[in-house]
Amino acid sequence: MDLNQYLEMFIEESKEHLQACSDNLLELEKNPNDLNLVNEIFRSAHTLKGMSATMGYEDLADLTHKMENVLDAI
């Protein structure tokens with residue numbers, strides 16, 4: 001299957017999830033006890049991991065998996 005047809009969608013959705021991570025991390029900095037923010041960041045990282053693995057971007061999938069582990073520890 002040619003995954004290049006999904007590249008543009010992958011990039012757009014990745015940008016949205018990265019922005020959500022960034023926004024929620026900034027908010028978490030202001031409210032460090034808000035576990036809902038941690039959960040939102042985790043969900044974005046989890047989605048990025050799945051999307052990356054599907055596209056064959058193993059380095060990105062590995063990185064986001066490590067992010068999940070850190071967030072899970074919180």
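Numbering starts at 1 and runs along the sequence shown.
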- Task: If a pair satisfies side-chain hydrogen bond (donor to acceptor under 3.5 Å, both in side chains) and one of its residues is in residues 48-57, list it, with sequence neighbours excluded.
- Result: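 Listed by first then second residue: Lys49-Glu68.
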- Query: What is the distance from atom CG of Leu60 to atom CE of Met67, rounded to the nearest 0.5 Å?
  - Reply: 9.0 Å
- Query: Out of curiosity, Asp72 CG to Asn39 CG, how far, rounded to the nearest 0.5 Å?
  - Reply: 9.5 Å
- Item | Glu58 atom CD: more than 12 heavy-atom contacts under 6.0 Å | yes
- Item | Residues, nucleotides or ligands: over 12 heavy atoms within 6.0 Å of Asp59 CG |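 No, not enclosed.
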- What residues join Leu25 in its hydrophobic cluster, counting side-chain heavy atom gaps under 4.5 Å, either direct or through other members? Leu28, Leu35, Leu37, Val38, Ile41, Phe42, Leu71, Ile74
- Item | Residues which pass side chain to side chain donor-acceptor pair (under 3.5 Å) with Asp34, listed by chain and number, not counting sequence neighbours | none
- Apply side chain to side chain donor-acceptor pair (under 3.5 Å) to Asn33 and list each qualifying residue two or more places apart in sequence or on a separate chain.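 For Asn33, no residue satisfies side chain to side chain donor-acceptor pair (under 3.5 Å) once neighbours in sequence are set aside.
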- Task: Answer yes or no: is there a side-chain heavy-atom contact under 4.5 Å between Arg43 and Glu40?
- Result: yes
List, one per line, each side-chain donor-acceptor pair under 3.5 Å for residues 14-23, sequence neighbours excluded.
unit_1	atom_1	unit_2	atom_2	d
Ser14	OG	Phe10	O	2.7
Gln19	NE2	Asp23	OD1	2.8

- Item | Same apolar cluster (I L V M F W Y, side chains within < 4.5 Å links), Met51/Leu63 | yes
